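Please read the structure below before turning to the comments.
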Number of protein chains: 2
Amino acid sequence: MSRASDRAYVMIRDMILSGDLPSGAKIGEEALAEQCGVSRTPIREALGRLEAELLIRRSDTQRSYVADWSLEDVEEVFELRGLLESRAARRAATRISHSQIERLKTHHAAIGEAINAPTPDTQQFVEHNHLFHSVILEASASAELTSMLARIIERPIVHRTARNYSFDDLKRSHRQHGELVAAFEQRDPAWAEAVMVSHIRRAFHTYANAHIDQRIPDMSQAAE
Amino acid sequence: MSRASDRAYVMIRDMILSGDLPSGAKIGEEALAEQCGVSRTPIREALGRLEAELLIRRSDTQRSYVADWSLEDVEEVFELRGLLESRAARRAATRISHSQIERLKTHHAAIGEAINAPTPDTQQFVEHNHLFHSVILEASASAELTSMLARIIERPIVHRTARNYSFDDLKRSHRQHGELVAAFEQRDPAWAEAVMVSHIRRAFHTYANAHIDQRIPDMSQAAE
DNA sequence: CCGAGTGTCATTGTATACATTAGGTTCGCA
DNA sequence: TGCGAACCTAATGTATACAATGACACTCGG
């Protein structure tokens, strides 16, 4: 991968997700170039990617703004994600290898540890949660699904309120992962699909209720 | 929109879809720049878009090749398209405006004319077919769905064999469009969704059987 | 005082030159 | 003759300069 444009992409994305660049903020290429320490060329490439991921919106005259997401927009993303990721789970059920199931179990166990630590290790939770879902996507062996989900998977976290999840939410997420593993071991597509639908659906409601339940701060990703 | 990069995008895409650039062909930026009469900068932007649409594949060292699609890959695309476009139909059913329904009827009628002309007007069929589906997507009022479908909608036509559709196929497609209109007029989400699933599914089988039925050549897009 | 028009400024689009890196070829040595 | 290393070539990544275009403000006329 290219060095400068990737750094710029990550930096800009983080600025948006962290809130440094608030919704609706105008984005100037030159200003970003200076901030990122690169020229406008890699900045433009990064903006193109972010626009494709709908994190950035462009006016009719090609000026860039940080996209603003309503709750309805976020629900739509979760809906799509449920649609695509449950399809991935269904495909994965009949294709997943033994070693991939082992990897699922490894991440599942790591998530369990993260939750049950004296103080929940949110960093570890987020990381292994991501890896868990990555294995399923990999097992689905679908370039299309992979490409599409890569585009939307980071976005529900735009709203900073999504960072707050209760202990119960984490446990429920963990339990559903366990059920997914069971479905995969049985190679049952319908079961895996149904669990994934439920899993993502719950994640949405957890997100939607986040302004009420705020217990574990600094969770930097949706808990699926 | 930018002038040069858009022209380059369309030109390169057409080269791929028409077969001028065969599957697996290596793509050099400079060569394309010369062919398109622009510099490498807009070419690179165009290649980025085409890569996001999976029409172009990049090696580990960032060299570009025309993607090659197996029948399984194409089926996967149709499956995803069915998934997304049926969801769009469902959403559209409860949101579509009267004027949008009128537009659907206009395109529907135009398709009917195209089919029943002494010699079927494939150009008109393709154009109004595309517009018909565009109205539904617009009525779904989902930026996500629109963005995703825009990425995959052109691709089933990569295989040139898909250009051949029988008269019966065209009529069936037309009839299903009629049923979609009826579902929208009843504002029945489940009905609209089901018809769309069937519609896309049939399109896939028409495509898959294209090497057997080859009656109307030069159809430049899948008949959905 | 309001509106239209024009001029200036800011921002984006494109071209080109240069840097960097991968890949292939050739030469040398075992 | 086969393997490997170094060099050379070609293609991509980045920076920068320039062109074009839209935004904004200010002025002039009504």
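No hydrogens, no waters, no symmetry mates; every other heavy atom, side chains included, goes into these values. Computed from a predicted structure; not experimentally measured. Convention: sequence-line order gives letters A, B, ...; per-chain numbering from 1.
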Between C1' of D:dA11 and CG of B:L32, the distance in whole Å: 13 Å
In whole angstrom, what separates A:L47's CG from C:dG13's C1'? 14 Å
May I have the distance from B:D60 (atom CG) to D:dG13 (atom P), rounded to whole angstrom? 12 Å
Measure the distance from CD1 on B:I43 to P on C:dA15 and round it to the nearest whole Å. 9 Å
With respect to the phosphate group of D:dT14, does any side-chain polar atom (N or O) of A:S5 fall under 4.0 Å of OP1 or OP2? yes
Find the distance B:Y9:OH to C:dG13:P and express it as a whole number of Å. 17 Å
Can you check the B:E51 CD to D:dT12 C1' distance for me, whole Å? 13 Å
Test salt bridge (Lys or Arg N to Asp or Glu O under 4.0 Å) applied to B:E53 - qualifying residues, sequence neighbours left out: none
Under the salt bridge (Lys or Arg N to Asp or Glu O under 4.0 Å) rule, collect the residues that match up with A:E113, sequence neighbours excluded. none
Salt bridge (Lys or Arg N to Asp or Glu O under 4.0 Å) with B:E185: which residues, sequence neighbours excluded? B:K105
Considering the options B:I152, B:L137, B:T146, which one meets the side-chain contact (heavy atoms from CB on, under 4.5 Å) requirement together with B:L84? B:I152
Who pairs with B:E75 by salt bridge (Lys or Arg N to Asp or Glu O under 4.0 Å), at least two apart in sequence or on another chain? B:R201
Over how many whole Å does the gap from A:E34 atom CD to D:dT14 atom P extend? 19 Å
Taking for A:S59 and for A:P42 the nucleotide of DNA chain D with the nearest heavy atom, the one nearer the 5' end belongs to A:P42
Taking ring pair (Phe, Tyr, Trp, His ring centres under 6.0 Å) as the definition, give me every residue that meets it alongside B:F184, ordered by chain and number, with sequence neighbours left out. none
Nucleotides 6-12 of chain C: which of its N/O atoms have a protein N/O under 3.5 Å away?
residue: C:dT12; atom: OP1; partner: A:I27; partner atom: O; Å: 3.3
residue: C:dT12; atom: OP2; partner: A:E29; partner atom: N; Å: 3.2

Could you state the CZ-P distance from A:R3 to D:dG13, rounded to the nearest angstrom? 12 Å
